[in-house]
Amino acid sequence: MILAQLPVQTPDIDWTGLLPVLFPAGGALLLLMLRSLLPSRMASPLLDAAWTVAAAVAGIVAVVVLWQRDTATEAFAGQLVMDRTALFVAAVILGSVALVALALPRYCERAGAASAELCVLMLLAAAGAVTMGAAADLIVLFLGLETMSIAAYVMTALNLRRLESLEAGLKYFVLGAFSTAFLLFGIALIYGATGTTSLDGIGDFLADFILLRDAMLLAGTAMLLVGLGFKVAAAPFHAWAPDAYSGAPTPVTAFMASAVKAAGFAALIKVFVEALSLRADDWRPAVFALACATLAVGSLGAAAQSDVKRILAYSSISHAGFILVGVQAANDSGVSAVLFYLAAYAVIAIGSFTLLAALSGPGDDRTALDSLAGLGAARPVLALGLTVLLLAQAGVPFTSGFAAKFSVIAAAAEARSYWLAVVAMVSAVVAAFAYLRIVVVMYFRDKGDVAAAEDAAGVAGASAAPETAVGLGAAAVLLVAVLFTVVVGVVPGILESVSATAGGL
């Protein structure tokens, strides 16, 4: 007996909606194949970086084209949705890749890093990060997160000449695997409570049914918060961040502080502010506590450091606390403020770490605070650029950092979270001390005095290392970062308008 063959139902795929993911993923695979086939003499870090920038720019062009559509673009039966929020986050991620790649050639030549591996892994991580921002299902969210995380683990440990890099990669991997277990368990519990892993399905279920026994839902929500809190370095899940940021190659640190953080907060918005919005009264107090702890740990930790890279690492934790203030608001204003902050901070962080990478020497280890002594007199342009970026992180008016901090605090006030707004403002004052310490060392400490003090103490002075050229790519990144920071600080309306549209206002 011959059975009639039934047609196989396959989901509809809008390939244009997948372009922001396909460009970085396809670019990574093609670069890997080409570098495997080409003779080593024909390959160079400049070509690797140029390919990476081209793939990222192509993805940004796709984002701009999709932004012009009136409706969101769905793929894979609605499991991947390119709405305005996802497109905004994708632009931040791909823009971060382009900026970081610009400064890679000189860094790889100086530090002896493998440029092809860095570029391939960064593009793959970007593809996973964009997938996280567009995920409409918890399983797809997990796949994007793991694609991004595994690439980030390897990039962190890619500087084989530094023991600190290998140690940082191992710590990041072990703690990342631990947090992934929480995330998966949370997804399982949410599925058990609602019967679906679709974010829209979860929201619809909570709107249609009242759970008399909601312990499973609450436990799943808590575990999701732990898993995603690790990815954004929220206290007390931040322990990996200072070591991973300081041990990783500095361009990788810039990527982690911008693209990885943006993807983590995009996932937080999708899961909590959108899917679990009807249970906001359950998770908002937990986010309130996380935000307060993260602000305190980040600001106080940054003030206690004597290494610039670790100062900026703790600063990144503090900024995560500010972004959590916007998440805790759980409204459209909070989402718009979060998106504005992610874009502003991504540019500031990349500019700061790129300049630090250019000054850190061949071993990428000249990052002590005293190594910047006399920079204001010896290299005034670089010192001025770093000063602008540091003042922006401190939230000084007429910088993008001030506008970003103001937006999240305003969202908290609108949500009547007045105490959280007060904690955020006090934290900004404490964190400003760390940034001003760097400025004081650059302009008011002489390199000769530092060297004399080190000689008297019998230690080798980092300040005795020869000056290194910044490079055209790093100079371009610094120029873009400073101009963006100042222009957005003086005229924030354009970015505010775009982020408000992406946030649903």
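Since the structure is predicted, the reported quantities are computational estimates derived from the model, not experimental observations. We count residues from 1, following the sequence as given.
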**Q** Kindly give the heavy-atom pair with the smallest separation between V232 and G264, and that separation in Å.
**A**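 Closest approach of V232 to G264, heavy atoms only: CG1-C, 3.6 Å.
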**Q** Working to the nearest 0.5 Å, report the span between OG1 of T485 and CD of Q393.
**A**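 Going from OG1 on T485 over to CD on Q393, the span is 9.0 Å.
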**Q** Is there a side-chain contact between L141 and K270 in this structure, where contact means two heavy atoms from C-beta onward sitting under 4.5 Å apart?
**A**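 The answer is no; the side chains never approach within 4.5 Å.
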**Q** Assign the ring pair W240 / Y172 to parallel, tilted or perpendicular, where the plane angle (0 to 90°) is split at 30° and 60°.
**A** parallel
**Q** Check the pair Y435, S315 against side-chain hydrogen bond (donor to acceptor under 3.5 Å, both in side chains), reporting the backbone distance first and the verdict last.
**A** CA-CA 9 Å; Y435 307 127; S315 167; 2.6 Å; yes
**Q** How long is the gap from CE on M442 to CG on L369, to the nearest 0.5 Å?
**A** 9.5 Å
**Q** Do any N or O atoms from the side chain of R437 and from the backbone of A303 form a donor-acceptor pair under 3.5 angstrom?
**A**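 Yes.
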**Q** How long is the straight-line distance from CZ of F322 back to CD1 of I409, given to the nearest 0.5 Å?
**A** 5.5 Å
**Q** Passes side-chain contact (heavy atoms from CB on, under 4.5 Å), L94 versus F23? Steps please.
**A** CA-CA 10 Å; L94 295 172; F23 275 121; over 6 Å; no
**Q** Got a second to check how far L342's CG is from S258's OG, nearest 0.5 Å?
**A** 10.5 Å
**Q** Has L29 got more than 12 heavy atoms of other residues, nucleotides or ligands less than 6.0 Å from its CG?
**A**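 Yes.
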**Q** Measure across R35 and S44 and return the closest heavy-atom pair with its distance rounded to 0.1 Å.
**A**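 Residues R35 and S44, closest heavy atoms: NH1-O, 4.4 Å.
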**Q** Which atom pair, heavy atoms only, marks the closest approach of L391 to L436?
**A** CD2-CD2, 4.4 Å
**Q** Do L224 and I187 have side-chain heavy atoms sitting under 4.5 Å apart?
**A** yes
**Q** Could you pull out all residues at least two apart from Y314 that satisfy side-chain hydrogen bond (donor to acceptor under 3.5 Å, both in side chains)?
**A**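 side-chain hydrogen bond (donor to acceptor under 3.5 Å, both in side chains) list for Y314, sorted by chain: empty.
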**Q** Can any side-chain N or O of K261 pair as donor or acceptor with the backbone N or O of A346 at less than 3.5 Å?
**A** no
**Q** ring-ring contact (aromatic ring centres under 6.0 Å, His included) with H319: which residues, sequence neighbours excluded?
**A**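 Y341, Y345.
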**Q** Is the shortest heavy-atom distance from the side chain of L225 to the side chain of F272 under 4.5 Å?
**A**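 Heavy-atom side-chain distance check passes, below 4.5 Å.
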**Q** Quick one: does any side-chain atom of S149 pair with a main-chain N or O of E146 as donor and acceptor, under 3.5 Å?
**A**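 Judged by distance alone, no pair lies under 3.5 Å.
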**Q** Residues in side-chain hydrogen bond (donor to acceptor under 3.5 Å, both in side chains) with D243, at least two apart?
**A** K171, R310
**Q** Would you say the side-chain atoms of S360 pair up with the backbone N or O of R366, donor to acceptor, closer than 3.5 Å?
**A**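 A pair under 3.5 Å: no.
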**Q** Of all heavy-atom pairs between V327 and V338, which one has the smallest distance, and what is that distance?
**A** N-CG2, 3.6 Å
**Q** Which heavy-atom pair separates A392 from T399 by the least distance, and what is that distance?
**A** CA-OG1, 3.4 Å
**Q** In chain order, what residues pass the ring-ring contact (aromatic ring centres under 6.0 Å, His included) check against F173, with sequence neighbours excluded?
**A**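 Here the qualifying residues are Y153.
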**Q** What I'd like to find out is whether the side chain of K231 reaches to under 4.5 Å of the side chain of L183, using heavy atoms alone.
**A**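 No. Closest side-chain heavy atoms not under 4.5 Å.
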**Q** Would you confirm whether R110, through its side chain, and A357, through its main-chain N or O, come within 3.5 Å as a donor-acceptor pair?
**A** yes
**Q** Roughly how far apart are L158 CG and L118 CG, rounded to 0.5 Å?
**A** 5.0 Å
**Q** Check whether any side-chain heavy atom of V325 sits under 4.5 Å from a side-chain heavy atom of V423, and report yes or no.
**A**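 A side-chain contact is absent here, since even the closest heavy-atom pair is not under 4.5 Å.
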**Q** I want to check something: taking the side chain as every heavy atom from C-beta on, are P105 and S115 in contact at a cut-off of under 4.5 Å?
**A** no
**Q** Got a sec, which residues hit side-chain hydrogen bond (donor to acceptor under 3.5 Å, both in side chains) with S179, two or more places apart in sequence or on another chain?
**A**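 If we apply the side-chain hydrogen bond (donor to acceptor under 3.5 Å, both in side chains) test to S179, skipping adjacent residues, there are no hits.
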**Q** Side chains of T354 and L478: does their closest heavy-atom pair fall under 4.5 Å?
**A**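 Answer no - side chains too far apart.
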**Q** Roughly how far, to the nearest 0.5 Å, is the OG atom of S316 from the CD1 atom of I348?
**A** 11.5 Å
**Q** Name every donor-acceptor pair, under 3.5 Å, that has one atom in a side chain of residues 288-300 and the other anywhere in the protein, sequence neighbours excluded.
**A**
from, atom 1, to, atom 2, distance (Å)
T294, OG1, A235, N, 2.9
T294, OG1, L290, O, 2.6
S299, OG, L295, O, 2.7
S299, OG, A296, O, 3.3

**Q** Quick one: are T387 and Y443 in side-chain contact, heavy atoms under 4.5 Å?
**A**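 Yes, side chains in contact.
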**Q** Using a 3.5 Å distance criterion without hydrogens, assess whether the side chain of T253 forms a donor-acceptor pair with backbone atoms of Y245.
**A** yes
**Q** Grab the two heavy atoms, one from P45 and one from E109, that are nearest each other, plus how far apart they are.
**A**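 Answer, listing the atom of P45 first, then E109: CG-CG, 4.1 Å.
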**Q** Would you please test L324 and L420 for side-chain contact (heavy atoms from CB on, under 4.5 Å) and show each step?
**A** CA-CA 10 Å; L324 283 172; L420 185 56; over 6 Å; no
